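To start, the structure itself, in structure tokens.
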Amino acid sequence: MHGAVDFPLLSMLVLVPAIGSLLVALSPRRRPEYAKLIATVTSVGVGAMSVWMLRAFDSHSGGFQFVSRHPWIESWGISWHLGVDGISLFLVVLTGVLFPLAIVGIDPHNDDPRRDKPYFAWLLLLEAGVMGSFVSLDLFLFFVCFEIVLVPMYFLIGGWGYEGRVGAATKFFLYTMLGSAFMLVSILATVFIASANGLGRITFDLVELAEGASFAASTGRWLFFGFAIAFAVKVPVFPLHTWLPDAHTQAPTAGSVVLAGVMLKLGTYGFLRFGLYLFPEAARWSRPLWLTLAVIGIIYGAIAATMQGDLKRLVAYSSVAHLGFIVLGTFAFTSQAITGSVMQMVNHGVSTGALFLMVGMIYERRHTRQIADLRGLQHVAPVFAAAFTVVMLSSIGVPGLNGFVGEYLILIGSFLTARWWVVVAATGVILAALYLLWAYQRVFHGEPDEENRSFPELRWKEGLVLLPFIGIIVFTGIYPKPMLERIEPAVHDLIEHVSDRTGYVEPQPAAISIDDEHGEGE
Amino acid sequence: MEPTTTSYLVLAALLFGIGATGLMIRRNPLVMFMCIELMLNAVNLTFVALATRFSDIDGQTAVFFVMVVAAAEVVVGLGIIISIMRRRPGATVDDLAELKG
Amino acid sequence: MLDVIWLVPALPLVGFLAILLFGRRLGEPGAGYVAAAAVLGAFVVTVGAFFDLLSLDEHHREHVSVLFSWVPVSSLQIDMALLADPLSITMALFVTGIGFLIHLFAIGYMHGDPKFSKFFLYLNLFVLSMLMLVLGENLLVTFLGWEGVGACSYFLISFWHTRESAATAGKKAFVTNRIGDWGVMLAMFLGFQAVGSVSYSALNGAAESGALASSTATGIALLLFVGAAGKSAQLPLYLWLPDAMEGPTPVSALIHAATMVTAGVFLMTRMNPVIAASADYAPQIIAWVGALTALFAATIAVAQHDIKKVLAYSTVSQLGYMFLAVGTGAYVAAVFHMVTHAFFKALMFLGSGSVIHGMHHEQDMRRMGALRTVMPITAGTFIIGWLAIAGVPPFAGFWSKDEILLFTLASSPVLYVIGLVTAVLTAFYMTRQVVMVFFGEARWESHADDHGAHGEFRPHESPPIMLFPLVVLAGLSVVGGAIQLPSFGIIPDSWRHRLEDWLHPVVEPGEAVIKGTAAYDAKSWLALLAIACAVLGIAAAIAVYAKGRAKPFEPELLARGWRYDETVSAFMGGPGRRAFDAVARFDSGVVDGAVTGTASGVRSVAERLRRGQTGFVRNYSAVVVAGVLGVLIWFVIIRGVL
Amino acid sequence: MPEQFIAPSIDWFALSPYLVMVAGALGLLVVGALTPRWPRGLYSLVSALTATSAGVLAVFIWNDVAEMGPGTLVGGALSHDAFAQFVTIAVCAATALVALVTDAEVRGTVLEGPEIHALLLTAATGAMVMGASNDLIVLFLGLETLSLALYVLAASERTAAGQEAGMKYFILGGLASAVFLYGIALLYGGARSTNLGEIVARFQSTVALERNDSLVLAGLALLIVGLGFKVAAAPFHVWSPDVYQGAPTHVTAFMASVGKAAAFAAMLRVLVIALPFHRDDWRPVIWVLAIASLVIGSTLAVVQTDVKRMLAFSSVSHAGFLLVGVEAAGHRAGEQISGDGLESVLVYLALYSVLVVGTFSIVAVVSRHAGGSTDISVFAGLGRRRPVLALALTILLLAQAGVPLTSGFVAKWGVIQSAVAERSYAIAIIAMVSAVIAAFLYLRIMVSAWLADPSEVEPEPVPAMTGVAIALAAAVTLVVGVYPELLLGWTDAVSNFAR
Amino acid sequence: MELIVFVLASAMVLSGAIGVVLFRNPVHAALGLVLTLFGVAVHFVSMEAHFLAAVQVIVYAGAIVVLFLFVIMLLGVDRAEDLTIEPLKLQRPVAIVLGAGVTVLVAGAVVRGADTLGRETNASAPGDSNIRALARSLYSDHVLAFELTSVLLIVAVAGTVVLTRRLKKSEG
């Protein structure tokens, strides 16, 4: 197993940004350029490590790899337990890749260069927290990371955001913290009840709990809901989403990119890792609720997005819709749907991250995000418009680009178990085209007026930042197999686990004459 | 017929109640302070009555300590009152209500 | 060449990438030549593949080439695979062939456009997508192409995006197509659930072997038809196509006449065993929708003044014929008409493009007339196209339309009558167009001032690079019918039913199915009836527009397309928009209001509680004593006494 | 016929922390009175050293306790157990920090002399006694020592607000003392002793069937009120916002840390250790008090504009959290395996004490620079003026809000954990939700410090000793937050207490 | 006989207490306090707590009340407080209800708990040994408490110094 390498890769992924953050904070105040240098080196290093991990990852195994486990708070049965599997792998890589791009590629635009220092420090701390959330296999550790990310994000929004930043940051902080409040109680209850029912000792270890503990149905449901509230807020699932448009809109560009790119995934990832894995029965039982909320979110988010006058708000609402797909797939309990969900988490991170990046560029040039103030940008900045188009089409879910593969897998997988939900959810693809194209038309098409005539074209540096995004968008759309084959074993194990616990049988499509035409495909 | 311990205790309860009521009614800090003394005396009465009943000297010891505390309290309390009254003569506790909300 | 079938889409891809990377350096006309060469190469490879297939035994005319595993997740295994069989090669042939011609035409047409290279970028991407569509081995690869052509259509319709109308039309096309895509996706899901695969062979195989339940087959068929209706502009989703004429004319010819819009017909043909396995009402719905669309669009075409709008509605109408054919089981006729239609409609679109080019972007037919004098080749080729579409023998359109009508009668007399009426109308409005554009007086002279920017205004014939495709297409429109001649007595046996035989492995039912019906027996008479209808329409139009025997019948209602588009737009802009707005307001008011309401609720409760903190020490003592009382009540009464 | 008088044996070493503190206080008073002015800051340093050495002694005593097991001292008056040492250490730590801060606060005023420090040390002695007391009378005396000193300290700065605070505190404190004392008296009536060990023994030995113990219950009621007042649990918290706001900031810090720690230690002693057999009687009351404190503390904090007042209400909310732990401890009080409730409360107390002293120290620095105002507006732009100070403030406030990787999170986790372990889910959830409400107020202060438009104010000077105190508090907050095992590995023993 | 003493002393206690609450003039209230304190002292005597009775009279009535009066005179706050006006509405009725409630509940508790107090064992506490026993208790079991009172007194001393120290000029 590759996990047996001596190098504590995952610990490094978490600790290096944290240490980097500390170093940035300690860097001399009069030399703000050091701050950026340290931040760049750190984040690029982490990104490189995460990519190296991707290379070393054993794609045939569904279990946890690169596992690292050390005692941490022994009195409470808490350990520093890290590991990745196919479900978290790409989220870790996405985090590793997104942060350097955000740090290197996006200027914080401080009036005072000394303010760069806290900016980079918070970003790195955020990276540490997000990484930690994705790799932790200990409930306490997960909770710590899940919660700690609020702080840097709060300061990033509040300190470097736009007009309504303080209100938005506060709303974001309190809303998500409220969700976590329930999760905290639930985590503890899970641990104690598990210890009483069969496990026999207090441990916060996810794997031990999931494999060793069993809960009475009603208990499990209560516990699950404690977790689910936190995740539902984070995702966000309708109707708990209203913090998101505010936070996204007011956040600085890097904040929006990270928020949409990886932070929302903490919720959807949490559902998979801690909802389905720990409480299969409850997750199965509450399935109709989540499917319904997901579908409402898809339609509702899209409709709300259509009517937004603020470009960033529009993208934010589109996230509500996209994440609805991910939740739908998560609770469909089929290999295709869950694999699609995991993939879509990454896809959404890439494409929405890129969208926010470009909306940020627009704002930086025009100092407005109002659609009504923009016109005819394609005429003056065709390359910029082209890049935007590719990302937009990915977001719409056009085949050949990454967004489609995830969405398709989610829908086709969910169709097996949740047909009528899918029938409604699939209309989301129509609405997605509607709101994005309408916005695109208003912003990019038409004859540019006086103010938009001098809109600068994409600069080299900006293009270099966007290039990885577009590269990933196209590559994954055309050749998703490397990704799918790494995700799938873990998803398979998860569904097996659910089956073991609940007697659920994953529905298989009737395989009529499948051998006829799939000689070479297997 | 001798008074029972209970009658002492009830008397103490009454005294305590009167003291508490006075504390809530009076505005002069000195008088309020006296009301506290009434309550402490109710406690003393209770202690002594119980100690007598139990033939246990600890109750009386407790009274001794209560008295010391009362004395110390008076010293400190009067000190505070004096320092306030020096500044704002004739103030009642109702006048000291700047901190609120 | 079958082994390198991947070259067919690969060449346009190379062209696309070349223009993407070096487009600006290639400039004009380099980019155009690169693009055209790429398509020509693809055509050549396709022709090679065609002969390879032809040399094979009829039952082995199928070649699957798997490029790579595309979406493999447990039971779902979808390959990026190409399928070369008679149907797909037929499609690929005319896609690449006509595509090449249109590329050539466009080199001339787009002359001087600042975004010349970008145009060819999109065109190559379109050809690539279209080839993926037709060559796809499974529904998903087809869907890849399906959406790809949709996206290219969007780019190309809104090519001149600074025009608001062009931008809107592009968006409209995309969104309307997406409604259809919803159906295609659900059809795939249903198919996957039933068969465990989305490949054509699996789905069709299951349908043929009877393993596919009739209800499932019906569902798949109808859902696919929703998609086909979107892509092929059928009722009620047709309304994007007339607007799509905002795009440059070569685009209209290539995408909105010859290739993309026929994708729906192709898909239905491809899935014909599934339709056959479905309940009876499924094909009937298709036939009726097709027939009604044909008639409906024809009536609108009668009253249009825009030269391209007439052709657009005509296209909708002709596509209606093809669905009528699909619905009545005449798949061969559908493909046949698709091919002939591709010839003559591309021809006419290009011809109209040539006219528009010559008229300096004037599109209103009321400002044309007598153009045959200044642009004779355009006029001549256009007239051939006119005869073909009007159904005059021996031009290509006659044969294909006749076959469709034959099948229709075998299926339902009512549909047949609709088909005939449409045929009359078709002849009528096409004649009207030809008369208004090429004959009569030159009405453009009186409007010459409008074109003052050009100085002296005089329509001119187009350059040779634009005329060459016209001539080739005209030739094909003349002889195109030869690929599927009916079994009339005078036609030698070896010439008959070429297409039917060729498509045989893919499309089971041919003329044989209706053998023995009354319609089949009367087919010669029916052909004469069809000719009569064509003549009737032509005569009527000449009488009205050339001779002025009667006042033109062009009611406002028809000119505005039965107000269908307006109604839909009014609905979308009115109640639809209000409903969307209501949702947005609901979100900020109710959903977010609940959140902010909770926050302000806490705050107001706190403000009220705060007043309890009066600052009066006596109040405080009362609170403390009240607490004492409360705690005493608990301990003494509740815990003690009770 | 006089009986032989047997003097109780006195283990001087075990008493050494108290002796050191009292000696320190006396030394300051006497030497300070006899010698001319000491160099600046020396008083503070001496008292901080005194408190520190008392704390260090307590550590050694802890080791003794760990070796020999818990017992009692001086005829059963004091407990000799880890619990007591833990409280002593916490109190000493907080006292040392407050002593450091006090210097800058009183410098240049009439209070510059040694008296303030002597009062701090004696008050801390009272607090230590409360934590260690094994007899209700001793507990009461300790409480009065602490309280009287606090009355004086609250009124020590002769501002109108300070005097008002002193007056209110004194009157209400007197009331509470009387109530508490009456409770002792009634409990004495029910248990025939004021010694905790004897009380436990008595109820343990009495067969509980049909027992009429209304005296005990009434006494218990009054004791809870008295203690509830001292810990500032709603609705007995009414004094605390006014007093916290009016009192000099370093005194507020002292009250919020040492005062609260001592009162909770006393509460644990009385309820969990002395009256475990009445746990079903008192637990529901604690439950109600906990919820009332959580809700009232956090909601009222939200609408305040004065930082000290905010922190006062937040401290009510913290009291609620601590009561959650007490409630949890009540589930299995007196049993062999007693759960983590008591331990979690003590950990919370220790961490909160440090935290709150740090927070108030920063408030002191900022407000003194702003002419004594503690309105939230004076914090505006602190992040620009004094980023390091603002960072420390942020850490401390985040810790108060219970954000992970700070000691506040460890503390909250502990009490919620013990509550959940006893299946008190409702109270745990209410506690967490009210923590979210309370978080708003910490955010408000942070917003003001970092995000408000910087006002054109000179950077405030940070006195060296105050700076040291703040740095220590922040460091403890972070270190314990990241590696709680440092503290937790150590506190297992505290539930092994003297009876 | 003892009953009469009890009744009389109780009357002193209660009337004094009511006097403290109701006398408008603080001097009169102080005198009411003295009356109560004496009444309590009488009770102490009748319960054989002679030492405490003496301390009660000397310390309480003698020293503390004098201190009160002294402060009243010093500050000149002997003006009558107008008890007919109550600025805080509801305060008075609420106070009376609360006071009465607490009284009733505590009294009820002690009455109910009377039978748990055990046999009356008055006989074994002879007057003389009472003081001795008190002393013994004070210096053995309660020696720590006794020492603590000294700390308390330190607080009192230091406290008064702090509270009453004259302000410097600079502080105004």
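Note that the structure is a prediction, hence the values are computed from the model and not measured. All chains are named by letter (A, B, ...) in the order of the sequence lines, taking the proteins before the strands, and each is independently numbered beginning at 1.
- The CG atom of B/D58 lies 4.5 Å from the CG atom of B/D56; values are rounded to the nearest 0.5 Å.
- Residues E/L163 and B/G79 come closest through the heavy atom pair CD1-C, 3.8 Å.
- Between chain B and the options E/L52, E/V13, E/D141, E/V40, heavy-atom pairs under 4.5 Å are most frequent for E/L52.
- Contacts with chain B were tallied for E/G99, E/G101, E/A156, E/A95; E/A95 has the most, counting heavy-atom pairs under 4.5 Å.
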* Given the rule in the side chain to side chain donor-acceptor pair (under 3.5 Å) test, do B/T5 and B/R53 qualify, once you have shown the distances and angles that lead to the verdict? -> CA-CA 7 Å; B/T5 310; B/R53 176 68 174 263; 3.1 Å; yes
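- Comparing B/V10, B/I18, B/I80, B/V69 by how many heavy-atom pairs each has under 4.5 Å with chain E, the most go to B/I18.
- For E/F146, the parts sitting under 4.5 Å from any heavy atom of chain B are the backbone and the side chain alike.
- For B/T92, no part sits under 4.5 Å from any heavy atom of chain E, backbone or side chain.
- Contact count against chain B (heavy-atom pairs under 4.5 Å) is highest for E/L138 among E/L138, E/V106, E/V162.
- We find the CZ-CZ distance between E/R24 and B/R26 to be 9.5 Å, quoted to the nearest 0.5 Å.
- Within the 4.5 angstrom heavy-atom criterion, no atom of E/A109 approaches chain B.
- Proximity to chain E is absent for every atom of B/L23, based on heavy atoms less than 4.5 angstrom apart.
- Summarising the geometry, atom CD1 belonging to E/I131 is positioned 8.5 Å from atom NE2 belonging to E/H50; distances are rounded to the nearest 0.5 Å.
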* Output, in order, the C-alpha distance, side-chain angles, deciding distance and verdict of side-chain contact (heavy atoms from CB on, under 4.5 Å) for E/H43 and B/V48. => CA-CA 9 Å; E/H43 281 309; B/V48 174; over 6 Å; no
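- Taking B/V75, B/L9, B/L38, B/V74 one by one and counting their heavy-atom pairs under 4.5 Å with chain E, the maximum is reached by B/L38.
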* **Worked check of side-chain contact (heavy atoms from CB on, under 4.5 Å) between B/N41 and B/L45** => CA-CA 6 Å; B/N41 269 279; B/L45 201 51; over 6 Å; no
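- For E/T160, the part sitting under 4.5 Å from any heavy atom of chain B is the side chain, from C-beta outward, and nothing else.
- With values rounded to the nearest 0.5 angstrom, E/L152 atom CG is found 8.5 Å from B/E73 atom CD.
- Ranked by heavy-atom pairs under 4.5 Å with chain E, the list B/L50, B/L11, B/V76 is led by B/L11.
- The contact between B/L78 and chain E is made entirely by side chain atoms (from C-beta outward), counting heavy-atom distances below 4.5 Å.
- Contact of B/F65 with chain E is made through the side chain alone, with heavy-atom distances under 4.5 Å.
- Of the listed residues (B/L14, B/T46, B/I81), the greatest number of heavy-atom pairs within a distance under 4.5 Å of chain E belongs to B/L14.
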* Working for ring pair (Phe, Tyr, Trp, His ring centres under 6.0 Å), residues E/F51 and E/F44 -> CA-CA 9 Å; E/F51 177 73; E/F44 285 178; over 10 Å; no
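- When heavy atoms are compared at a cutoff of 4.5 Å, B/A51 does not approach chain E at all.
- Taking the centre of each ring, E/F68 and B/F33 come in below the 6.0 Å mark.
- Looking at E/L105, there are no atoms closer than 4.5 Å to chain B (heavy atoms on both sides), in backbone or side chain.
- Annotation: maximal heavy-atom pairing with chain E below 4.5 Å, among B/C35, B/G19, B/A72, B/S7, occurs at B/S7.
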* Test side chain to side chain donor-acceptor pair (under 3.5 Å) applied to E/S46 and B/Y8, step by step -> CA-CA 11 Å; E/S46 70; B/Y8 284 106; 3.0 Å; yes
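- Of all the listed residues (B/A20, B/G77, B/A49, B/S83), the one sharing the greatest number of non-hydrogen pairs under 4.5 Å with chain E is B/A49.
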